[in-house]
Amino acid sequence: MQITSTEKISVSKGISVCLEKNLIFAAYRLPNQQDPEIVIQKSPKKNRIHKDDNYYNLKGFLVAPFAETEKYPSFIISPDIYASKHLSDEQYNELQSLKVLPVLSDESHLPVAVGHDDYLGQIENIIGQIEQGNFEKVVLSRVKVLPGNYISRLAHIFDELTCAYPNAFIFIFNAGPHLWIGATPEPLLKAQNGTMHTVSLAGTRAFSEQNLNIGAWNSKERLEQEYVTRYISKVLSKFNLADVELVGPYTKQAGNLVHLRTDFSFRSEELKNCLGKFLKELQPTPAVCGMPRIQSLELIAKLEKHERAYYAGFIGPLGLNNRLSIFVNIRCMKVLQKRLALFVGGGITADSDPEDEWKETELKAETLISVLRKVEE
Ligand SMILES: C=C(O[C@H]1C=CC=C(C(=O)O)[C@@H]1O)C(=O)O
């Protein structure tokens, strides 16, 4: 049915239609911005990308996994239809005319939920390895599974996330069996007016006025974040980036939580021809992986019972509105036909208390669960 109307078609309506048709698309709302944006690809084929590609010439919504595999590749969603705030009648008609794509079920690889005792056992294992001098920090994650089919409610959940978390990056993306939604507080790389920005984010407390005061944070928490800062500084010097400026650490609210954060900025020119390589070198940082990195990747693969897939990978718009804004995919969930899989993790260091670490992941899960409760009311 063709429409010509004076009624505006919202991004939220666009999300619903894309989900009904199972199209490859992404919608997002950048931190501290009003309007959500939507990127819809007409072709059903994933556009895979590689780190040697010239990212500067890419346009669309970038999706990269925690660890690149055949099953979880990096790809970019083409902006065949791109709209901010509203779709035009023409765009909506074009969307309506696109064919429904088959649902590619991923139910054969269900993320395995890990309970309290198993999680504490894994943390103790990591602390033991840190005490033996094999690691400085390892970020362990787990999955919380919530039964139910939420697909028809995702547009509503997206809208609620945008209201609940104005300073987060709110996103949803769908491509084949990969359907994810979340509200991440962690920018990975942003380019603005010739300057690039990245952050070191780690250390978590429940939000309170008192916890916004940096003086309230202890040396364990500061060290946990300091590892990330050191790692990023090292990557920046490896790429010979000039004029690096560093601000922090300071406290930053993320919904029901507060984190420690340090901001880095540097000239973007230098990365023009090696952005893909730089991103792969930078991510995963010890905010989601560990120190040393390769050994942490191996330990994570050995200990965790689930595949991280796109959790702790990176996502965001590239080359749209002349912007580059990429975020680390945390505070997120994978949406399956009959369940949601919430991914939550936390940094383990020598002084970690396993029970506190469990509580921290419960708090992190609340970021999304509190919004799910709202849409169920
Ligand atoms: C790995 C996650 O958070 C990271 C970002 C901020 C604080 C973190 C922490 O305190 O452990 C984590 O490094 C997650 O939310 O799943």
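Start at 1 and go down the list; that is how both ligands and their atoms are numbered. In this text, all values refer to a predicted model and were calculated from it rather than measured experimentally.
For ligand 1, the atoms sitting less than 4.0 Å from at least one non-hydrogen atom of G203 are 7 (C), 9 (C), 10 (O), numbered in the order shown with element in parentheses. Residue T204 has at least one heavy-atom neighbour below 4.0 Å for each of these atoms of ligand 1: 7 (C), 8 (C), 9 (C), 10 (O). Listed by number with element, the atoms of ligand 1 under 4.0 Å from a non-hydrogen atom of G346 are 11 (O). Close contacts of ligand 1 with E224, meaning ligand atoms under 4.0 Å from a residue heavy atom, involve 9 (C), 10 (O), 11 (O). Residue V344 has at least one heavy-atom neighbour below 4.0 Å for each of these atoms of ligand 1: 16 (O). For ligand 1, the atoms sitting less than 4.0 Å from at least one non-hydrogen atom of G347 are 11 (O), numbered in the order shown with element in parentheses. Heavy-atom proximity to R331, at under 4.0 Å, picks out these atoms of ligand 1: 3 (O), 5 (C), 6 (C), 14 (C), 15 (O). The atoms of ligand 1 that sit less than 4.0 Å from any heavy atom of H259 are 6 (C), 7 (C).
Remark: Y165 pairs with no residue by the ring-ring contact (aromatic ring centres under 6.0 Å, His included) rule, at least two apart or across chains.
Note: F314 CZ to L62 CG = 5.5 Å, rounded to the nearest 0.5 Å.
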Begin from the C-alpha positions of S370 and N256 and carry the test side-chain hydrogen bond (donor to acceptor under 3.5 Å, both in side chains) through to its verdict. CA-CA 10 Å; S370 59; N256 57 328; over 6 Å; no

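Heavy atoms of E360 approach ligand 1 to within less than 4.0 angstrom.
Ring-plane geometry between H178 and Y310 is classed as perpendicular, the angle between the planes exceeding 60 degrees on a 0 to 90 degree scale with a lower cut at 30.
Sequence neighbours left out, not one pair with a member in residues 289-301 passes salt bridge (Lys or Arg N to Asp or Glu O under 4.0 Å).
Remark: minimum distance from atom 8 (C) of ligand 1 to any protein heavy atom is reached at K364 NZ, 3.4 Å. Nearest protein neighbour of atom 4 (C) of ligand 1, counting heavy atoms only, is A287 O, 3.5 Å. Of the protein's heavy atoms, Y311 OH, 2.7 Å lies nearest to atom 16 (O) of ligand 1.
For ligand 1, the polar-atom distance check finds an N/O of G345 within less than 3.5 Å of one of the ligand's N/O atoms.
F173 is connected to Y72 through a chain of hydrophobic side-chain contacts under 4.5 Å among Ile, Leu, Val, Met, Phe, Trp and Tyr, so both are in one cluster. Clustering ILVMFWY residues whenever any of their side-chain heavy atoms sit less than 4.5 angstrom apart, transitively, puts V112 in a cluster other than the one holding F343.
Counting only non-hydrogen atoms, the option in I330, V228, T367, T285 that gets closest to atom 5 (C) of ligand 1 is I330.
Looking at E362 and K359, no side-chain N of the basic residue comes within less than 4.0 Å of a carboxylate O on the acidic one, giving no salt bridge.
Geometric assessment of R308 against the ring of Y311 yields a negative cation-pi assignment under the 6.0 Å and 45° thresholds.
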